[in-house]
Structures are given as structure tokens and as C-alpha cells.
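These notes concern the structure reproduced below.
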Amino acid sequence: MAGELGEMDRLEHQAENAIANGDPEGAALSIGKAALMAKILAQKEEHQQTRSLYQAAETLFRGQEQGYRAFALFERAGGQPPASRGVCQYLSHADEKVKQSQKDLRALPDFTNESLRDRRYRHIGKTEEWEQLLRGLKQDLLC
């Protein structure tokens, strides 16, 4: 399982690099794969609390994937507001997933394992960042 966890983290980092380099489609693909790894980890996990952490990570990553797909679609359509209905739908789905992940992560009791505790807090921080990002995108793209 340690290999799968490392692979999930690598894919998450790869998505961040892709978006930083102006490749939203590559970012969507990488974070989608990270979501799949989180799902696999959750299915293999025996402890409910840790399973719930991986499930919340999967939800977060799916939200990010939707956000990256929205950005890619917006760019392909010319990159001028107002955004198409499809872009706005992607952003709405992304927002729902990010908020659900945040709710699920906040509902988890604190972990005694430092690594899991750090992961939980990192994901909570990411949901907060994405919540603000998506709110701003919806305004900027006139959704």
C-alpha cells in the first residue's frame, strides 16, 4: 500500500506541475489518476477512519479534475467570458465535490498517526483553496 500512496502523491504533484505549466488537460488526467489511486487505497484499507480519509481525498481529486476540465474547455472555446454552459457545469460539479470533501475531512476525528493527520490537514487546506478558486472562476467566467 505504501507504493500506491506514493503513486497517488506523485500524481497529485504531477497535476500541480501540469497546471503550473499551462496544461489543464494534463492536470485533469493526472489528478483523475490520483483519484483512482485514492479509491484503490480506500478499498484496501481496513481501518474505517483511514478509509474515510482516502475517500475524501478521492472526492477532492475528482473536484479538482472537474475544475481542470472546465479550464481546458474554456481555453479550447477561445478563453473569453462568458463561459459556455458546459464550462459552468464543470465548475458547479467541481464546487460540489470540493465542498463534500471538506465536509467529510472536517468530520473525521484527529488521527494519532502524524502522517495521516498531516495528510488530513493538507487536504482540508486544499479544499479551502479550491473553494476560493472556484468561487473566483465562476465570477470571472460569468457563470
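Not measured: the values here are computed from a predicted model.
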*Do Asp104 and Gln55 have side-chain heavy atoms sitting under 4.5 Å apart?*
no
*Report yes if some heavy atom in the side chain of Thr127 is under 4.5 Å from a heavy atom in the side chain of Trp130; otherwise report no.*
no
*Looking at residues at least two apart in the chain, or sitting in another chain, which of them share a side chain to side chain contact (heavy atoms under 4.5 Å, CB included) with Thr50?*
Glu45, His47, Tyr54, Phe111, Leu116
*asked:* Please find the pair of heavy atoms, one from Gly32 and one from Arg62, that lie closest to each other, and give the distance.
replied: O-NH1, 3.5 Å
*Say you draw a straight line from NZ of Lys99 to CD of Glu131; how long is it, rounded to the nearest 0.5 Å?*
5.5 Å
*Among the clusters formed by ILVMFWY side chains lying less than 4.5 Å apart, do Ile19 and Leu11 turn up in the same one?*
yes
*Please test Ile124 against Arg119 for side-chain contact (heavy atoms from CB on, under 4.5 Å), starting from the C-alpha separation and ending with a verdict.*
CA-CA 9 Å; Ile124 288 172; Arg119 182 174 297 277; over 6 Å; no
*Spacing of Leu36 atom CG and Glu58 atom CD [to the nearest 0.5 Å]*: 8.0 Å
*Donor-acceptor pair, Asn113 side chain versus Ser115 backbone, under 3.5 Å?*
yes
_Before you tell me yes or no, could you show the steps for Lys44 and Glu4 under salt bridge (Lys or Arg N to Asp or Glu O under 4.0 Å), namely the whole-Å CA-CA distance, both residues' side-chain angles and the distance that decides it to 0.1 Å?_
CA-CA 11 Å; Lys44 291 182 175 183; Glu4 290 158 339; 2.6 Å; yes
*Any side-chain heavy atom of Leu108 sitting closer than 4.5 Å to one from Arg120?*
yes
*Return yes if some donor-acceptor pair links the side-chain N/O of Ser30 with the main-chain N/O of Gln14 below 3.5 Å, else return no.*
no
*About how many Å separate CG of Leu60 and CD of Gln100, when rounded to the nearest 0.5 Å?*
12.0 Å
_Testing the basics here: between Ala94 and Gly63, what is the closest heavy-atom pair and its distance to 0.1 Å?_
CB-O, 3.2 Å
*Heavy atoms, side chains only, cut-off 4.5 Å: are Phe74 and Pro81 in contact?*
yes
*asked:* Testing the 3.5 Å rule here: is there a donor-acceptor pair between the side chains of Arg51 and Gln48?
replied: yes
*Is the closest basic N to carboxylate O distance between Glu7 and Arg10 below 4.0 Å?*
yes
*Can Lys126 and Glu16 be counted as an ion pair, charged N to O under 4.0 angstrom?*
yes
*asked:* Would you say that more than 12 heavy atoms from the other residues, nucleotides or ligands in this model lie under 6.0 Å from the CD of Gln43, or not?
replied: yes
*Please round to the nearest 0.5 Å and tell me the distance separating atom CD of Gln66 and atom CD of Gln89.*
10.5 Å
_Under the criterion side-chain contact (heavy atoms from CB on, under 4.5 Å), I'd like the reasoning laid out for Arg76 against Glu25: C-alpha separation, chi angles, the key distance, then a yes or no._
CA-CA 10 Å; Arg76 274 193 307 248; Glu25 290 185 32; 2.6 Å; yes
Which atom pairs, one a donor and one an acceptor, fall under 3.5 Å between side chains of residues 136-143 and the rest of the protein, sequence neighbours left out?
residue: Lys138; atom: NZ; partner: Asp95; partner atom: OD2; Å: 3.4

*Would you confirm whether Ser101, through its side chain, and Lys97, through its main-chain N or O, come within 3.5 Å as a donor-acceptor pair?*
no
*Within a strict 4.5 Å, meaning less than it, do heavy atoms of the Glu75 and Pro24 side chains meet?*
yes
*asked:* If the condition is side chain to side chain contact (heavy atoms under 4.5 Å, CB included), which residues does Phe61 pass it with, not counting sequence neighbours?
replied: Met8, Glu12, Ile31, Ala34, Ala35, Ala38, Ala57, Gln64, His123
_Is the shortest side-chain heavy-atom distance between Asp118 and Arg122 below 4.5 Å?_
no
*Using only heavy-atom distances, determine whether the side chains of Asp23 and Tyr68 contain a donor-acceptor pair under 3.5 Å.*
no
